[in-house]
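One structure is given below, encoded as structure tokens.
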Protein chains: 2
Amino acid sequence: MKQRLAAIGTVETLPHRVAAFLSREIESGELNPGARLPTEQELSEKFGVSRNVVREAIAQLRADGMIEARQGIGAFVLAPEQRAAIRIDREALKDTHNMERLFELRCILEAESAALAAARRNQVHLDSIKAALDRMGGEERWEEGSIDADLLFHREIARATGNSYIHTFISFVCEQIRHSIHYARMTNPLHDLVEINVGEHVRIYEALVAGDPAAAEAAMRAHIVGAANRVGVKLPLSKANGAK
Amino acid sequence: MKQRLAAIGTVETLPHRVAAFLSREIESGELNPGARLPTEQELSEKFGVSRNVVREAIAQLRADGMIEARQGIGAFVLAPEQRAAIRIDREALKDTHNMERLFELRCILEAESAALAAARRNQVHLDSIKAALDRMGGEERWEEGSIDADLLFHREIARATGNSYIHTFISFVCEQIRHSIHYARMTNPLHDLVEINVGEHVRIYEALVAGDPAAAEAAMRAHIVGAANRVGVKLPLSKANGAK
DNA sequence: GTGATACATATCATCCTACAACTTGCTTCG
DNA sequence: CGAAGCAAGTTGTAGGATGATATGTATCAC
């Protein structure tokens with residue numbers, strides 16, 4: 001808890017601000033791939049910061065594969081395909097439309113992963129998942145802890161696939177959604193919705209226990225559509241799902 | 001082309017090496033979440049570099065949400081759930097087992113996305129996809145350009161879903177796989193396999209033209225399993241797929 | 001005139017020192 | 001005994017200096 005408060009209260013450092021500025025300039029297309037960035041000195045003068053700050057900002061963009069710096073020449077914008085990292089702009093997620101897209105991605109990832117987990121889970125996995133489920137419906141149901149338990153439930157399922165990349169991706173997407181929901185959440189009196197939410201999780205868990213991939217996938221899909229609705233995001237039922 | 005050579009030839013800078021070292025120490029669990037990192041001065045002495053270099057390394061880890069630095073106190077390792085970016089270690093991908101996992105993730109993402117694309121694509125999308133397909137089978141078939149066209153084909157399908165997050169994720173995963181394959185590729189005389197590969201792509205394209213989500217999904221799934229086999233990765237057919 | 005070598009310049013890479021801002025613990029004084 | 005303040009440690013920022021690398025230019029030999 002202390003960690004979370006600290007994380008939220010973290011001041012925006014100068015390198016972070018410079019990096020964000022350049023990043024947006026690249027994303028928006030003002031700096032096209034292949035274009036050369038201003039020199040470090042020019043940037044430091046432009047932003048009124050030391051060259052050290054500019055370098056830390058550039059180091060970050062470079063680590064992400066957004067730009068490439070070459071000694072003696074300058075720094076150049078790279079093509080989006082060359083990105084070495086995935087990073088999601090949380091500001092953009094305030095737009096419901098983007099939120100909807102992210103839920104769609106989550107649905108794709110988690111539905112099939114639930115099927116995989118149903119086929120591969122062992123008893124240890126089931127115990128971890130059950131523990132998270134109990135926390136959700138337990139005494140923490142009205143607290144922030146309930147949401148933590150919810151996410152933990154999903155992460156443990158992802159872990160049960162035995163695929164660390166799947167685990168990483170699902171954890172990431174879920175966390176992005178959590179942060180986005182966090183501030184918009186107070187508006188919804190979701191106390192009466194908790195029962196529905198827990199019920200959906202129970203159905204997923206039962207399918208995992210039964211080792212039924214198809215049922216797990218269906219239950220997960222239904223849950224994510226429901227979860228999206230509960231936070232005000234209307235998830236379009238894709239034809240792919242309806243076709244099954 | 002010049003860019004690619006330059007990108008490959010990019011020397012490993014000192015900050016990058018320090019960041020990689022700390023990153024591995026965190027991933028391996030030697031530094032647990034909540035643990036405090038050595039001070040910048042200690043690190044600079046330990047690695048024999050200036051404090052500036054250490055700061056650039058830390059700036060990168062901080063941007064990824066791996067650590068959190070607090071003025072006057074120190075830097076602390078954050079929990080994996082708080083990561084702000086997804087980054088894949090290319091060294092780890094030299095292990096075939098990890099490669100297999102990544103292909104599995106790719107299969108999940110692309111199969112359903114192909115279905116979405118089949119439902120949502122318009123003529124402009126189809127034209128872009130067709131152009132990439134033609135490049136694959138065209139005069140570039142034996143060149144590096146063939147692989148570029150292959151990836152472009154997949155990216156354009158991802159774009160046709162109309163979901164920018166899906167596009168980002170698929171582009172990222174595909175690019176990781178491409179880089180990993182790149183050096184191991186010379187061993188395979190895949191000239192005779194090109195026909196098979198192109199054929200699989202044609203079937204995907206035809207399903208998209210027909211607007212048939214189920215067919216597109218099946219064709220994409222078959223293709224990715226085939227592509228994995230062709231680079232020596234035996235992708236386990238999940239029960240989820242067999243159940244359909 | 002042409003070619004090659006050497007130099008000057010521009011830029012990033014790294015290092016160094018200094019100071020500011022912030023936190024913590026201890027000390028000193030009332 | 002309590003509280004204010006001081007001191008030390010740590011990260012944040014600033015600024016300059018030097019090394020490494022790429023590019024263009026000028027000079028000189030032929």
Side-chain angles (χ1 to χ4, degrees), chain A residues 1-22 26 31 34-78 82 84, chain B residues 1-22 26 31 34-78:
Chain A
M1 196 59 180
K2 196 158 55 168
Q3 300 174 20
R4 179 147 322 125
L5 287 176
I8 291 177
T10 296
V11 289
E12 219 180 34
T13 73
L14 287 180
H16 183 268
R17 267 196 280 180
V18 173
F21 183 91
L22 292 176
I26 291 174
L31 283 172
R36 182 170 159 243
L37 269 69
T39 68
E40 294 178 351
Q41 193 161 25
E42 284 171 347
L43 288 174
S44 76
E45 288 169 4
K46 176 178 178 181
F47 292 110
V49 299
S50 80
R51 220 191 111 210
N52 250 333
V53 170
V54 172
R55 278 196 63 80
E56 282 189 31
I58 287 183
Q60 173 187 329
L61 299 181
R62 194 152 65 146
D64 286 1
M66 288 184 74
I67 69 175
E68 173 194 29
R70 298 203 281 187
Q71 196 167 337
I73 311 178
F76 301 85
V77 179
L78 290 178
Q82 308 198 30
Chain B
M1 197 57 179
K2 197 159 56 171
Q3 300 175 21
R4 176 144 326 119
L5 285 176
I8 290 177
T10 295
V11 290
E12 217 181 33
T13 75
L14 289 179
H16 182 267
R17 267 196 280 181
V18 173
F21 183 92
L22 292 175
I26 291 173
L31 283 171
R36 183 174 156 227
L37 269 69
T39 69
E40 294 177 353
Q41 193 162 24
E42 284 171 347
L43 287 174
S44 75
E45 288 170 5
K46 175 177 179 182
F47 292 109
V49 299
S50 78
R51 207 188 129 206
N52 230 322
V53 169
V54 173
R55 280 194 61 80
E56 282 189 31
I58 288 183
Q60 173 188 328
L61 299 182
R62 193 151 67 145
D64 286 359
M66 288 184 73
I67 69 174
E68 173 194 31
R70 298 202 286 191
Q71 193 168 342
I73 310 179
F76 300 86
V77 179
L78 290 179

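Here is the naming used below: chain letters follow the sequence lines, and residue numbers restart at 1 for every chain. Treat the numbers as computed from the prediction; the structure is a model and nothing was measured.
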Interatomic distance, A/Glu68 CD vs D/dT21 P [rounded to whole Å]: 16 Å
Just verifying a value: how many Å separate A/Asp64 CG and A/Leu78 CG, rounded to the nearest 0.5 Å? 11.0 Å
As a check of understanding: the bend across the helix from C/dG1-D/dC30 to C/dG30-D/dC1, end axes from five pairs, rounded to 10 degrees, works out to 30°
In whole angstroms, how far is the C1' atom of D/dT11 from the CG atom of B/Leu61? 15 Å
Rounded distance in Å - NE2 (A/His16) to P (D/dT13): 12 Å
Atom CD of A/Gln41 and atom P of D/dT18: how far apart are they, to the nearest Å? 16 Å
A quick test of your reading: do over 12 heavy atoms of other residues, nucleotides or ligands sit less than 6.0 Å from CD of B/Glu45? yes
Sequence neighbours excluded, which residues qualify as side-chain contact (heavy atoms from CB on, under 4.5 Å) partners of A/Glu42? A/Pro38, A/Thr39
Spacing of B/Leu37 atom CG and B/Leu31 atom CG [to the nearest 0.5 Å]: 5.5 Å
So the contacted stretch of DNA chain C, first to last nucleotide with an atom under 4.0 Å from a non-hydrogen atom of chain A, runs from C/dA10 to C/dT14
Give, for atom CZ of A/Arg51 and atom CG of A/Leu43, the distance between the pair rounded to the nearest 0.5 Å. 11.0 Å
What residues form a side chain to side chain donor-acceptor pair (under 3.5 Å) with A/Arg17, not counting sequence neighbours? none
Under the side-chain contact (heavy atoms from CB on, under 4.5 Å) criterion, do A/Arg62 and B/Thr13 qualify, and how do the steps go? CA-CA 11 Å; A/Arg62 194 152 65 146; B/Thr13 75; 3.7 Å; yes
Mind checking the CZ-CZ spacing from B/Arg55 to A/Arg55? Nearest 0.5 Å is all I need. 13.0 Å
Assess the residue pair A/Gln60 and B/Gln60 against the criterion (side-chain contact (heavy atoms from CB on, under 4.5 Å)); give the C-alpha distance rounded to whole Å, side-chain angles, the decisive distance to 0.1 Å, and a yes or no. CA-CA 5 Å; A/Gln60 173 187 329; B/Gln60 173 188 328; 5.7 Å; no
Which ones in residues 44-56 of chain B lie close to DNA chain C, meaning a heavy atom under 4.0 Å from one of its atoms? B/Gly48, B/Val49, B/Ser50, B/Arg51, B/Asn52, B/Val53
So what does A/Ile58 hit on the nucleic acid, given a heavy-atom distance under 4.0 Å: a base, only sugar-phosphate, or nothing? nothing
Between CZ of B/Arg36 and CD1 of B/Ile67, what distance do you get to the nearest 0.5 Å? 12.0 Å
Less than 4.5 Å apart, any side-chain heavy atom of A/Ser50 and any of A/Val53? yes
Expressed as a whole number of angstroms, how long is the span from B/Arg62:CZ to D/dT13:C1'? 12 Å
Give me the atom names and distance for the closest heavy-atom approach of A/Ala57 to A/Ala19. CB-N, 3.7 Å
To the nearest 0.5 Å, tell me how far A/Met66 CE sits from A/Leu22 CG. 8.5 Å
Could you pull out the protein-nucleic contacts involving nucleotides 6-9 of chain D (nitrogen or oxygen on both sides, under 3.5 Å)?
unit_1	atom_1	unit_2	atom_2	d
D/dG9	N2	B/Gly72	O	3.2

